[in-house]
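Input: a single structure, listed below in structure tokens.
Per chain, numbering begins at 1; letters A, B, ... match sequence-line order.
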There are 2 protein chains.
Amino acid sequence: MGEDLTNQSDALRTESTTGILGYRLRRAQLSVFQRFLQVFEEMRLRPAEYSVLLLIDDNPGRKQTEIADALGIKRANFVTLVHALQARGFLERRAAAGDRRANALHLTGEGVQFLAAARARHEDMEQQLLSQLGGEASRNQLLALLDRLS
Amino acid sequence: MGEDLTNQSDALRTESTTGILGYRLRRAQLSVFQRFLQVFEEMRLRPAEYSVLLLIDDNPGRKQTEIADALGIKRANFVTLVHALQARGFLERRAAAGDRRANALHLTGEGVQFLAAARARHEDMEQQLLSQLGGEASRNQLLALLDRLS
DNA sequence: CAAACATTGTTATATTCCATAGCATTGGCT
DNA sequence: AGCCAATGCTATGGAATATAACAATGTTTG
């Protein structure tokens with residue numbers, strides 16, 4: 001006999017949470033974002049900012065609200081984002097063609113350059129994630145499954 | 001000639017973001033959490049709170065820090081969570097057996113009852129997600145892939 | 001044993017993200 | 001002209017998260 005009375009700090013049972021899709025999704029997303037923050041710490045680039053730069057690069061001249069909507073960001077909160085990126089010289093808010101209310105968003109030369117560097121860095125990160133997932137097939141499957149939840 | 005000069009608000013190009021794993025993960029996670037918040041609005045239960053109740057139910061008598069660690073919650077922030085659930089009568093903080101600093105967490109009868117109701121509600125939600133994913137096989141595959149990212 | 005150190009729960013605080021309300025300016029429509 | 005919608009913006013609050021510091025207690029070490 002003689003149970004071990006010394007601080008038996010066993011591992012916890014976690015079966016209940018492992019069955020929850022939302023919980024697992026959150027953990028995975030947090031892990032990926034955490035890595036993003038590390039990788040882009042010295043560039044001082046946040047995930048949302050990166051997505052903004054990408055979208056403007058592919059859609060120059062669009063209005064703030066259009067970009068914000070596409071990213072699921074409230075236009076009120078988008079203002080701060082854009083101003084910060086503008087303050088760093090990465091984008092311009094030009095007067096929109098036929099609408100004096102709207103700002104047409106464009107990347108500056110500096111912004112294009114910065115985005116190129118970010119893209120390279122991000123490419124490496126995606127490559128790491130790819131190898132974690134075990135190949136292109138797994139990655140594509142994951143993306144397809146995620147789409148069904150969105 | 002004659003391009004259409006009337007506000008041509010075409011769809012934006014989003015290829016750049018669709019290739020980003022983290023972005024897609026975030027959107028899916030947000031979508032699932034959004035639904036959770038809707039489903040549990042009248043029960044006034046947040047995702048984190050639900051996970052706390054589940055974990056205590058499976059591991060009664062554990063210390064706050066143990067539960068918090070398992071969920072990736074800082075113990076400082078965990079205090080508020082626990083106090084709120086205690087204020088609603090769902091759990092108790094009893095004196096831990098051999099440690100006068102620690103609180104041993106236990107569900108109350110009311111807590112068990114509440115958790116049962118939450119579980120039932122959550123079961124329905126998972127069932128919906130399952131059908132969105134297209135079956136058990138897809139769900140299991142998704143969970144496996146998510147694990148490789150965590 | 002006494003001293004040094006670690007852990008536990010807690011408070012306070014700052015930051016970031018996200019949502020809502022309201023506003024001035026401008027545009028579109030009737 | 002008059003009404004309503006859209007656009008960018010400010011202000012503000014809530015929620016999640018991170019850190020620092022603290023008192024009480026436990027653990028380890030000289």
Inset, instruction - Check the pair Gln128(B), Val39(B) against side-chain contact (heavy atoms from CB on, under 4.5 Å), reporting the backbone distance first and the verdict last. - result: CA-CA 12 Å; Gln128(B) 283 185 19; Val39(B) 169; over 6 Å; no
Inset, instruction - Go through the steps to decide whether Gln86(A) and Leu91(A) satisfy the test side-chain contact (heavy atoms from CB on, under 4.5 Å), and finish with yes or no. - result: CA-CA 5 Å; Gln86(A) 186 184 26; Leu91(A) 56 84; 3.9 Å; yes
Inset, instruction - Evaluate side-chain contact (heavy atoms from CB on, under 4.5 Å) for Leu115(B) paired with Leu107(B), printing each intermediate quantity in order. - result: CA-CA 9 Å; Leu115(B) 181 55; Leu107(B) 292 189; 3.9 Å; yes
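Following chains of ILVMFWY side-chain contacts shorter than 4.5 Å, one cannot reach Leu142(A) starting from Leu30(A), and the two form parts of different hydrophobic clusters.
A donor-acceptor contact shorter than 3.5 Å links the side chain of Glu126(A) to the backbone of Leu21(B). In this structure, the side chain of Arg121(A) does not engage the main chain of Phe40(A) through any donor-acceptor pair within 3.5 Å.
Only Arg46(A), listed by number, bring a heavy atom of residues 25-52 of chain A to less than 4.0 angstrom from any atom of DNA chain C.
Rounded to 10°, the helix from dC1(C)-dG30(D) to dT30(C)-dA1(D) has 20° between the axis fitted to its first five pairs and the one fitted to its last five.
Atom-to-atom, NZ of Lys63(A) to P of dA6(D) comes out at 10 Å; the value is rounded to the nearest Å. One interatomic measurement links the two molecules: CG of Asn103(B) to P of dA24(D), which rounds to 15 Å at whole-angstrom precision. Computed from coordinates, the Ile73(A) CD1 to dC18(C) C1' distance equals 10 Å when rounded to whole Å. Atom P of nucleotide dC18(C) and atom CZ of Phe78(A) are separated by 13 Å, given to the nearest angstrom. As rounded to whole Å, 14 Å separates atom C1' of dT10(C) from atom CZ of Arg101(B). One can place CG of Leu81(B) at 14 Å from P of dG9(C), the figure rounded to the nearest angstrom. One atom, CG of Asp99(A), and another, P of dC9(D), lie 13 Å apart when rounded to the nearest Å. Rounded to whole angstrom, the span from the CG atom of Leu105(B) across to the C1' atom of dT8(C) amounts to 12 Å.
Taking side-chain N and O atoms only, His83(B) has no distance below 4.0 Å to OP1 or OP2 of dG9(C). When the side-chain nitrogen and oxygen atoms of Gln64(A) are compared with OP1 and OP2 of dA6(D), none of them lie within a distance under 4.0 Å. OP1 or OP2 of dT7(C) has not a single side-chain nitrogen or oxygen of Thr65(B) nearer than 4.0 Å.
Between Glu49(A) and Arg44(A) the shortest side-chain heavy-atom distance does not fall below 4.5 Å. Using a 4.5 Å heavy-atom threshold, the side chains of Thr65(B) and Phe78(B) count as separate. A 4.5 Å side-chain heavy-atom check between Leu130(B) and Glu136(B) finds at least one atom pair inside the cut-off.
Heavy-atom contacts from other residues, nucleotides or ligands closer than 6.0 Å to CZ of Arg13(A) number 12 or fewer. For Glu41(A), the CD atom sits in a loose shell: 12 or fewer heavy atoms of surrounding residues, nucleotides or ligands are nearer than 6.0 Å.
Between Phe90(A) and Phe114(A), the angle of the ring planes stays under 30°, which puts this pair in the parallel group of the 30/60° scheme.
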What pairs of nitrogen or oxygen atoms, one from the protein and one from nucleotides 20-24 of chain C, lie under 3.5 Å apart?
none

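Between Arg100(B) and Ala102(A), the residue anchored closer to the 5' end of DNA chain D is Ala102(A), taking for each the nucleotide with the nearest heavy atom.
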